Structure formats: C-alpha cells, structure tokens
Engineer: 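I'd like to ask you about the structure that follows.
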There are 2 protein chains.
Amino acid sequence: MMAHPDGGDIGGPRNYLRPCLLLLLAEGTSHGYELLEQLADLGLGRTDPGGLYRCLRAMDEEGLVRSAWEPSTSGPARRVYELTDEGREWLHVLAGSVADLARSLATYGRRYRLVAEQRDPIR
Amino acid sequence: MMAHPDGGDIGGPRNYLRPCLLLLLAEGTSHGYELLEQLADLGLGRTDPGGLYRCLRAMDEEGLVRSAWEPSTSGPARRVYELTDEGREWLHVLAGSVADLARSLATYGRRYRLVAEQRDPIR
DNA sequence: CGGGCTATGTGTATGTTGCACCTACGGCGC
DNA sequence: GCGCCGTAGGTGCAACATACACATAGCCCG
C-alpha cells in the first residue's frame, strides 16, 4: 500500500497516560524509569520521558500518588511512586472510561466488518 | 465520586474523525450535516461542525473522497461526498489501526480487572 | 578522565481539537 | 417585506496535549 503523502494513522486515546500509570502503580509501586518500560506492554511504545515525569508529578500534586526518594546502591536515586486511596478511586473511574471507549471501538469494528464483507463476501 | 478539581477524563483516539468518516461514507454517500448526526452512533457525540468540514475537505484534496454539489428543493445546497477506491484502501488501513487500539484497550481492561478483583474478590 | 547506562527533569515546537463566529438558503408567521 | 428558525457549509483563533530536543547528575568501567 506504500506510505502515502499523509502519515495519518490514529494514535492512542487522549489523556491515556494517566490511566495507564495508575494501573501500573496499582499493580505495584515503581519509579519513573521502570514505568517507562512497563508502558510498552500497554500499547504505549516509546513514550517520551518528559511527559511521563510531568504526569507523575502532576498526579503527586493532586494526591493521586505519593512519592519518596529511594537511594540506589548502583546508579542515581529514584523517586518511587505509590498509589493513594484517592488514586485508586480515580483508577476505577478512568478504567470505566477506557471500557466505554473500548465499546465504541468494538462498534466501529463490527460496522467495518459489515462493509468489508459486502465487497468481499464470505468465502 | 464528585467532580474533583481536574476534569481529567480520557477522550477518543487522536485522528479518529477520519476513520469514522471513511466508514460512514463506505456505508453510503452522504453530506456533512448528515454525517455530523451519524457520528454520534460511533461514539463521537457533539463533534464540532468546523472540524468535520475541514476534515472532509482535506480528504477531498487528498483524493480519499469525491464531492459534488447537490441542489436541494427545500434548504441550502449540500455537498455530497462519495468514497473513492483510494479512500476505501485507507479505510482498511485505518480500521486495522482501530482494531490494534481496541486490542490494547482490551489488555488494559483485563489487567484492570485483575487488580480490582484482588481488592474485591469474587463474591 | 571519558563514555555509557540509569534516572529525573525543563523548554519549547507541533499538531489536533474545540470554541466562537460568519454566510446563506428556504419556509413560516406576522 | 421582515424577523426567525432550521438546514448547510465554512473560517479564525486559542487551548491543550503531545512530541522533540536538550540538560543534569550519579554510578561504574576501561
């Protein structure tokens, strides 16, 4: 099909970073650099560190996570994040949004398959 | 749960308008104003007309759709859009992206349910 | 010491989206 | 005729989220 003038591919949902980080932190406390790697498993390949750290700090200020510096024997100190009760509540809310979106995309998929079959009937 | 300082809810995927319009046009030729209403069924409630018309014109210039003015006996003329072969090819590509995203969201859902069950075991 | 890996950050451009607003046609009531 | 509503298409701009580029710093190893 070959690269086309525009690169117009769809991206992830807007504001998806927050729900992802909250989920990862619900699975266990962690620090920025590690979360960066773990995000890949959720579909966010090569996320930029800048946005990640900014997001974590914003959630810290909002009380969704708690952070503490943990010195490392090998390498620089890390700021480890832990989910708060408030953060856990938000996770539930956001997971609901994610589920809603998933349903919309499923609808898209169903309707797409209909128009695709029409051209290329069941073989 | 009560409104929280931030309104941080997730939104639809970025660049989702294009795949939606291509799908709707694959289901049948239509014009902007009508597409606006049809978009609601795909999860895009209250989309702004500005962006819609801009998107349609962009796709027209790129050759993904063809347009023609159709006079109306009652009301202003409408520009009706029809999907081109090239547009149909793009629909296939974009529908693939949508499916990929849907899979990512499903993964999110599975992992979320795990951490949710942990706190609130099967009753 | 210099370079590479870990780790955390800042500054700013870029791009999509959303809001506000404008034009124009036809039909209806007055 | 005139104002108003619904239909239909469109522009300009600001807000926002993200992407890119770069800066800092500790530790280890050759």
Side-chain angles (χ1 to χ4, degrees), chain A residues 5-21 24 29-40 42-62 65 67-81 94 97 101, chain B residues 5-21 24 29-40 42-62 65 67-81 94 97 101:
Chain A
D6 69 10
D9 204 8
I10 77 164
R14 287 185 305 265
N15 302 317
Y16 192 45
L17 196 51
R18 273 168 168 267
C20 283
L21 291 176
L24 290 175
T29 67
S30 184
H31 57 98
Y33 195 82
E34 195 182 29
L35 289 164
L36 202 59
E37 294 164 355
Q38 295 175 328
L39 278 172
L42 287 170
L44 286 83
R46 54 191 186 291
T47 307
D48 88 301
L52 174 84
Y53 291 116
R54 261 192 278 257
C55 189
L56 285 170
R57 237 156 359 89
M59 292 196 295
D60 199 348
E61 279 157 29
E62 290 168 35
V65 298
S67 70
W69 284 100
E70 185 181 77
S72 172
T73 52
S74 79
R78 327 158 149 169
R79 186 175 245 184
V80 291
Y81 291 91
L94 293 178
S97 290
L101 181 54
Chain B
D6 69 12
D9 206 5
I10 75 163
R14 291 189 301 278
N15 302 317
Y16 192 44
L17 196 52
R18 282 170 92 96
C20 282
L21 291 176
L24 290 174
T29 67
S30 185
H31 57 98
Y33 196 83
E34 195 181 30
L35 289 165
L36 202 59
E37 293 163 356
Q38 296 175 329
L39 277 172
L42 287 171
L44 286 83
R46 55 189 186 291
T47 308
D48 88 300
L52 174 85
Y53 291 117
R54 261 191 281 256
C55 189
L56 285 170
R57 305 217 31 210
M59 292 196 296
D60 199 348
E61 279 157 30
E62 290 167 36
V65 297
S67 70
W69 285 100
E70 186 181 72
S72 172
T73 51
S74 80
R78 326 161 148 167
R79 185 175 251 188
V80 291
Y81 291 91
L94 292 178
S97 289
L101 181 54

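Source: prediction; values computed, not measured. Numbered from 1 within each chain, the chains take letters A, B, ... in sequence-line order.
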Engineer: For the residue pair B:Pro13 and B:Tyr16, what are the closest heavy atoms and their distance?
Structural biologist: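 Scanning both residues, the minimum pair turns out to be O-CB, 3.2 Å.
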
Engineer: Which pairs, protein N/O on one side and nucleotides 19-24 of chain C N/O on the other, fall under 3.5 Å?
Structural biologist:
{"unit_1": "C:dC19", "atom_1": "N4", "unit_2": "B:Asp48", "atom_2": "OD2", "d": "3.0"}

Engineer: Under 4.0 Å between a side-chain N/O of B:Arg14 and OP1 or OP2 of C:dT14, yes or no?
Structural biologist: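 No, B:Arg14 has no side-chain N/O under 4.0 Å of OP1/OP2 on C:dT14.
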
Engineer: Closest approach of A:Pro71 and A:Ala77, non-hydrogen atoms and distance?
Structural biologist: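 So the two residues come closest at CA-CB, 4.2 Å.
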
Engineer: Measure CD/A:Glu34 against C1'/C:dC5 and give the value in whole Å, please.
Structural biologist: 16 Å

Engineer: Do you know which two heavy atoms are closest between B:Glu70 and B:Val80, and how far apart they sit?
Structural biologist: OE1-CG1, 3.8 Å

Engineer: Closest approach of A:Gly12 and B:Leu101, non-hydrogen atoms and distance?
Structural biologist: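 Closest heavy-atom pair between A:Gly12 and B:Leu101: CA-CD1, 4.3 Å.
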
Engineer: Find the distance A:Asp9:CG to C:dT16:C1' and express it as a whole number of Å.
Structural biologist: 15 Å

Engineer: Going from CG on A:Asp60 to CZ on A:Arg57, what distance comes out if it is rounded to the nearest 0.5 angstrom?
Structural biologist: 9.0 Å

Engineer: C:dT8 C1' sits how many Å from A:Tyr33 OH, rounded?
Structural biologist: 11 Å

Engineer: Check the distance between C:dT6's P and A:Glu37's CD and give it to me in whole angstrom.
Structural biologist: 7 Å

Engineer: Let me confirm one number: the CZ-CG distance from A:Arg54 to A:Leu17, rounded to the nearest 0.5 Å.
Structural biologist: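 Taking CZ in A:Arg54 and CG in A:Leu17, the distance rounds to 11.5 Å.
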
Engineer: Nearest nucleotide by nearest heavy atom, which residue falls closer to the 5' end of DNA chain D, B:Gly75 or B:Gly32?
Structural biologist: B:Gly75

Engineer: Students often get this wrong, so: under 4.0 angstrom with heavy atoms, is A:Thr73 touching a base, only sugar-phosphate, or nothing?
Structural biologist: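 Counting heavy atoms under 4.0 Å across all strands, the contact made by A:Thr73 is with sugar-phosphate only.
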
Engineer: Round to a whole Å and report the spacing from CD of A:Glu70 to C1' of C:dA7.
Structural biologist: 13 Å

Engineer: By nearest atom, which of the nucleotides C:dT16, C:dG26, C:dA7 is closest to the B:Asn15 side chain?
Structural biologist: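 When the side chain of B:Asn15 is considered, C:dT16 is the closest of C:dT16, C:dG26, C:dA7.
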
Engineer: In sequence, state the C-alpha distance, the side-chain angles, and the governing distance for B:Leu52 and B:Leu21, and then conclude on side-chain contact (heavy atoms from CB on, under 4.5 Å).
Structural biologist: CA-CA 9 Å; B:Leu52 174 85; B:Leu21 291 176; 3.6 Å; yes

Engineer: Mind listing the side-chain donor-acceptor pairs of residues 29-38 of chain B below 3.5 Å, one per line with the distance, residues two or more places apart or on another chain?
Structural biologist:
{"unit_1": "B:Ser30", "atom_1": "OG", "unit_2": "B:Glu34", "atom_2": "OE1", "d": "2.6"}

Engineer: What closest approach, in Å, do B:Asp9 and A:Asn15 show between heavy atoms, and which atom pair accounts for it?
Structural biologist: O-ND2, 3.2 Å

Engineer: If you assign A:Arg79 and B:Leu17 each to the DNA chain C nucleotide with the nearest heavy atom, which residue ends up on the more 5' nucleotide?
Structural biologist: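 It is A:Arg79 whose nearest nucleotide is closer to the 5' end.
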
Engineer: Could you state the atom-to-atom distance from CG of B:Leu52 to C1' of C:dT17 in whole Å?
Structural biologist: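 Atom-to-atom, B:Leu52 to C:dT17, this comes out as 13 Å.
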
Engineer: Of all nucleotides in DNA chain D that come within under 4.0 Å of a heavy atom of chain A, which is furthest toward the 5' end and which toward the 3' end?
Structural biologist: D:dA17 to D:dC28

Engineer: What is the distance, to the nearest angstrom, from the CG atom on B:Leu21 to the P atom on C:dT17?
Structural biologist: 11 Å

